[in-house]
Amino acid sequence: MATTKLDRTRVARTALDLLNETGLEGLTLRAIARRLDVQAPALYWHFKDKQALLDEMATEMMRRMADDFLAAPADDWREALTGAMRGLRGHLLRHRDGAKVFSGTRYTDLSYAAPLEAFLRTLVAAGFTPGAAARAWFTVYSYTIGYVIEEQSTAPAPGGGEDGYDLAARAARLAAYPLAAAAGEEMFADHDRGFEAGLAAVVAGVAATLVTSGA
């Protein structure tokens, strides 16, 4: 049996390591316990259910992000938002179903607070009201989370060896709907390009509707 002290952070890190093998649906407290070489009931001292575990996993992901790309936003608000969302996507893609794990969870500490405060200050300094700054951040954040959820549902899983979306088969099914068939190449063929195009559109929309100083 394991002799290293068991705590919430160690369990969350083990769960993130296991996630690439199992995906979110296959990630269970029992499987994590086996990886940690402990009995499953030991984990319930730290997590009452799977949602509590997901909250801690998302918090661990945020800690890593905060230490990486969220610590120093650029002075230009467009570059700050764009760079942050590129970094967020990159971190989510490191884990199979990473965006699903991250979305809809509640952080268990305040590791997100300092970087969020820094980004909101950058936006307010550029002419956003505090409310508009919050809306701008949440808009680009929601776009990124949603994009990666869709991306990870159609792209091969990291380390999993699974095939991506079969665009030829999709086009064949939609042969009677040529525009819908052709849209597959735009939506699913190049996720990097698609993300950048969508992010640019969202940031342009933020500039047109939320900033008040004309910056």
Side-chain angles (χ1 to χ4, degrees), residues 1-71 84-117 119 134 137-165 188 191 195 198:
M1 300 297 289
T3 58
T4 305
K5 185 178 185 300
L6 195 65
D7 58 27
R8 291 174 62 89
T9 299
R10 183 178 171 219
V11 175
R13 290 174 177 172
T14 300
L16 286 171
D17 290 340
L18 189 58
L19 186 63
N20 280 354
E21 300 176 20
T22 67
L24 182 56
E25 290 187 4
L27 185 70
T28 64
L29 290 175
R30 187 176 300 276
I32 297 165
R34 284 198 300 268
R35 180 61 59 91
L36 288 165
D37 195 22
V38 299
Q39 296 297 317
L43 301 186
Y44 286 100
W45 285 101
H46 302 282
F47 303 102
K48 64 179 181 179
D49 52 30
K50 187 173 180 178
Q51 185 57 56
L53 172 63
L54 294 177
D55 290 344
E56 191 63 35
M57 290 169 66
T59 303
E60 176 61 22
M61 293 169 73
M62 173 53 71
R63 293 185 193 113
R64 298 174 184 182
M65 295 179 200
D67 290 340
D68 185 1
F69 70 90
L70 291 181
M85 294 307 110
R86 286 171 179 161
L88 173 60
R89 175 174 174 254
H91 271 267
L92 296 177
L93 288 175
R94 293 178 184 178
H95 305 286
R96 181 177 176 182
D97 294 331
K100 288 182 180 179
V101 170
F102 201 72
S103 64
T105 51
R106 297 185 177 184
Y107 300 129
T108 62
D109 66 22
L110 296 179
S111 55
Y112 69 92
L116 177 59
E117 184 77 8
F119 277 100
W137 174 264
F138 194 65
T139 297
V140 295
Y141 171 87
S142 298
Y143 162 75
T144 302
I145 294 291
Y147 188 94
V148 179
I149 288 175
E150 293 297 323
E151 177 179 6
Q152 291 186 313
S153 71
T154 59
E162 297 180 9
D163 294 333
Y165 203 168
F188 306 118
H191 290 295
F195 175 76

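Atoms considered below: every heavy atom in the structure, side chains included; atoms not considered: hydrogens, waters and symmetry mates.
The aromatic rings of Y143 and Y147 sit tilted relative to each other, their planes meeting at an angle between 30° and 60°.
Considering CG of L54 and CE of M61, their distance stands at 10.5 Å, rounded to 0.5 Å. To the nearest 0.5 Å, the span separating CE on M62 from OG1 on T59 amounts to 8.5 Å. Taking NE2 from H191 and OG1 from T154, the interatomic distance works out to 3.5 Å, rounded to the nearest 0.5 Å. Atom CG of residue L53 and atom CG of residue L27 lie 6.0 Å apart, to the nearest 0.5 angstrom. Atom CG of L43 and atom NZ of K50 lie 13.0 Å apart (nearest 0.5 Å). For the atom pair CZ of R8 and CH2 of W45, the computed distance is 14.5 Å after rounding to the nearest 0.5 Å.
When the salt bridge (Lys or Arg N to Asp or Glu O under 4.0 Å) test is applied to E117, the partners found at least two apart in sequence or on another chain are R121. By the side-chain hydrogen bond (donor to acceptor under 3.5 Å, both in side chains) test, E150 is found to be paired with no residue, residues two or more places apart in sequence or in another chain being considered. For S103, the side chain to side chain contact (heavy atoms under 4.5 Å, CB included) partners are I145, I149, not counting sequence neighbours. When the side-chain hydrogen bond (donor to acceptor under 3.5 Å, both in side chains) test is applied to T105, no partner is found at least two apart in sequence or on another chain.
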Yes or no on side chain to side chain contact (heavy atoms under 4.5 Å, CB included) for D55 and F47, after CA distance, side-chain angles and deciding distance?
-> CA-CA 10 Å; D55 290 344; F47 303 102; over 6 Å; no

Kindly indicate, with the supporting measurements, whether the criterion side chain to side chain contact (heavy atoms under 4.5 Å, CB included) is fulfilled by R10 and H46.
-> CA-CA 11 Å; R10 183 178 171 219; H46 302 282; over 6 Å; no

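In plain terms, the two heavy atoms of N20 and R94 that are nearest each other are ND2-O, 3.4 Å. Scanning all heavy atoms of the two residues, the minimum distance from Q51 to G104 falls at NE2-O, 4.3 Å. Summarising the geometry of A15 relative to M57, their closest heavy-atom pair is CB-SD, 3.6 Å, with the distance given to 0.1 Å. Heavy atoms only, all atoms of each residue included: A58 and F102 are closest at O-CE1, 3.5 Å. Residues L19 and H95 approach most closely at CD2-CB, 3.9 Å, considering heavy atoms.
Side-chain atoms of Y112 do not come within 3.5 Å of backbone N or O of A66 as any donor-acceptor pair. Side-chain atoms of Q152 come within 3.5 Å of backbone atoms of L92 as a donor-acceptor pair (strictly under, hydrogens ignored). Using a distance-only test at 3.5 Å, with no hydrogens or angles considered, no donor-acceptor pair links the side chain of E56 to the main chain of T108.
For residues 98-115, every residue pair satisfying the salt bridge (Lys or Arg N to Asp or Glu O under 4.0 Å) rule, not counting sequence neighbours, is listed here: R63-D109.
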Side-chain polar contacts of residues 28-35 - donor-acceptor pairs under 3.5 angstrom, sequence neighbours left out - could you list them?
| from | atom 1 | to | atom 2 | distance (Å) |
| --- | --- | --- | --- | --- |
| T28 | OG1 | A31 | N | 3.0 |
| R35 | NH2 | E21 | OE1 | 2.9 |
| R35 | NH2 | E21 | OE2 | 3.2 |

